[in-house]
Peer 1: 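Pasting a structure here, questions to come.
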There are 2 protein chains.
Amino acid sequence: MIVDVPETLIQIAAELFASRGYDATSVNDIVEAASVTKGALYYYFNTKEELLFAIHQRFIEAEMAQAQKILARYFKPAERIRRLIISLIESIAEFRNEVTVFFRERHRLSPELFAQVQAARDQYEAIFEEAIREGQQEGTFRSDLDARLMTLALFGQCNWTYTWMKPGPLTPRELGEHLAEIFLRGALNRSS
Amino acid sequence: MIVDVPETLIQIAAELFASRGYDATSVNDIVEAASVTKGALYYYFNTKEELLFAIHQRFIEAEMAQAQKILARYFKPAERIRRLIISLIESIAEFRNEVTVFFRERHRLSPELFAQVQAARDQYEAIFEEAIREGQQEGTFRSDLDARLMTLALFGQCNWTYTWMKPGPLTPRELGEHLAEIFLRGALNRSS
DNA sequence: AGGATCATACTAACCCGTCGGTATGTTTGT
DNA sequence: ACAAACATACCGACGGGTTAGTATGATCCT
């Protein structure tokens with residue numbers, strides 16, 4: 001049986017961090033769950049924090065890769081946002097543990113590593129904001145509200161799913177479609 | 001100088017928990033910041049967890065009280081939601097530290113205390129969901145989307161503000177108004 | 001071809017600081 | 001005088017991280 005030890009450690013750490021929290025999970029817990037010893041862990045990672053960072057990186061990189069694919073296809077703003085939302089929800093569903101850790105334990109990283117994570121995150125959010133701005137110039141998005149604020153509201157809607165999403169009746173894709181619909185058209189009936 | 005020691009401890013604990021995290025904050029840190037000793041803390045609180053719980057309680061009770069006031073005034077669904085949103089954003093702004101701790105460290109509570117917090121939270125969310133359901137029956141809210149999903153989307157928008165809100169150009173009230181506008185009418189231009 | 005050498009990938013045992021919590025003493029208001 | 005409201009000193013457990021050592025291949029020299 002061949003296993004990628006560092007990858008397994010990241011995986012298991014993500015599970016444990018997500019369910020118990022970063023500080024409440026000891027490295028002993030991790031190595032025990034992974035059936036290795038502490039020596040093995042510290043052979044691949046210099047600190048516990050590096051593990052935390054690796055979890056963040058994995059999620060952000062996957063998310064960003066998906067977004068770039070969509071950007072490459074030159075959709076108009078509204079359709080672009082729609083697809084970005086769906087892609088984001090699918091990422092959250094796929095990297096459930098990583099996302100949970102990302103949002104809950106981000107601030108636990110040292111300033112240097114946190115800055116790195118934050119920079120990547122800003123880059124990702126800028127893709128959404130730019131779509132909204134273009135939509136405003138084009139006239140399809142309303143201009144009486146700040147683009148930045150709309151972006152933050154949108155990310156709230158989407159990111160928050162990590163707190164309640166479960167393998168339920170809706171697939172992540174369907175869920176994303178519905179959320180896009182809510183964001184774009186609102187909760188009120190159009191005829192009213 | 002008269003000070004309410006337990007209240008001060010909750011206050012300071014909220015600050016420290018919000019900025020460093022629950023586990024990363026030692027009870028020594030807390031008593032030091034509060035200029036008392038451990039004896040004083042453990043005179044009022046049996047465990048560190050009780051402190052955490054008290055922080056949650058304070059925020060939830062304040063939130064719930066505001067919501068009840070709005071319910072008592074019998075607004076129609078759309079206006080009721082608008083006011084609930086504003087009230088929620090104002091609460092988040094006022095109890096910034098408590099909210100941060102609430103959302104980030106909730107899962108750290110023991111099952112019993114967590115259940116208590118969750119029950120109160122469910123009750124609060126039900127108020128919003130009920131307004132949306134009524135709106136659907138009345139016809140002002142769209143019925144092609146699940147009320148529960150709309151509620152969750154809304155809470156995402158609102159709760160997420162705790163991650164980025166800052167004393168900026170917009171007052172909490174204005175911010176709430178804008179978010180209500182986004183939720184109710186959506187990002188797209190009406191004429192398109 | 002095959003022994004010598006070295007890098008890889010770990011293991012087992014341990015160190016020392018820190019943590020939540022407690023036991024007991026002291027002060028203060030009434 | 002006596003309870004309420006603390007302060008002081010300390011305990012046992014556990015935390016992240018380190019250390020010395022080792023089995024197992026890969027590589028190189030002759």
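The sequence lines fix the lettering, A, B, ..., with proteins before strands; numbering per chain opens at 1.
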Peer 1: Who passes side chain to side chain donor-acceptor pair (under 3.5 Å) against B/E98, sequence neighbours left out?
Peer 2: B/R58
Peer 1: Who pairs with B/Q123 by side chain to side chain donor-acceptor pair (under 3.5 Å), at least two apart in sequence or on another chain?
Peer 2: none
Peer 1: Taking salt bridge (Lys or Arg N to Asp or Glu O under 4.0 Å) as the test, write out the residues that go with B/D29, two or more places apart.
Peer 2: B/R20
Peer 1: Just the dot-bracket of DNA chain D, please: which string comes out with Watson-Crick or G-U pairs under 3.5 Å, [ ] for crossing, | for another strand?
Peer 2: ||||||||||||||||||||||||||||||
Peer 1: Quick one: label B/T25 by what it contacts on the DNA or RNA (base, sugar-phosphate, nothing), any heavy atom closer than 4.0 Å.
Peer 2: sugar-phosphate
Peer 1: What residues, two or more places apart in sequence or in another chain, satisfy salt bridge (Lys or Arg N to Asp or Glu O under 4.0 Å) together with B/E134?
Peer 2: B/R80
Peer 1: Of the nucleotides D/dA7, C/dG20, C/dT11, which has the atom closest to the B/A40 side chain?
Peer 2: D/dA7
Peer 1: According to the ring pair (Phe, Tyr, Trp, His ring centres under 6.0 Å) rule, which pairs have a member within residues 49-81 of chain A, sequence neighbours left out?
Peer 2: A/H56-A/F102, A/F59-A/F102
Peer 1: Shorter than 3.5 Å, N or O on both sides, protein versus nucleotides 1-5 of chain D: list them out with atom names.
Peer 2:
from, atom 1, to, atom 2, distance (Å)
D/dA5, OP2, B/Y43, OH, 2.6

Peer 1: Kindly state which residues belonging to residues 14-24 of chain B come within less than 4.0 angstrom of DNA chain D, counting heavy atoms of the residue only, listed by number.
Peer 2: none
Peer 1: Applying side chain to side chain contact (heavy atoms under 4.5 Å, CB included), can you list everything that pairs with A/T171, at least two apart in sequence or on another chain?
Peer 2: A/R173, A/E174
Peer 1: With A/N97, which residues qualify under side chain to side chain donor-acceptor pair (under 3.5 Å), at least two apart?
Peer 2: none
Peer 1: Hey, what are the protein-to-nucleotides 21-24 of chain C N/O distances that come in under 3.5 Å?
Peer 2:
from, atom 1, to, atom 2, distance (Å)
C/dG21, OP2, B/Y42, OH, 2.9
C/dG21, OP2, B/K48, N, 3.0
C/dG21, N7, B/K38, NZ, 2.9
C/dG21, O6, B/K38, NZ, 2.2

Peer 1: Suppose we screen for salt bridge (Lys or Arg N to Asp or Glu O under 4.0 Å). Which residues come up paired with A/R142, at least two apart in sequence or across chains?
Peer 2: A/D144, B/E181
Peer 1: Give a yes-or-no answer on whether the side chains of B/T47 and B/E49 include a donor-acceptor pair shorter than 3.5 Å.
Peer 2: no
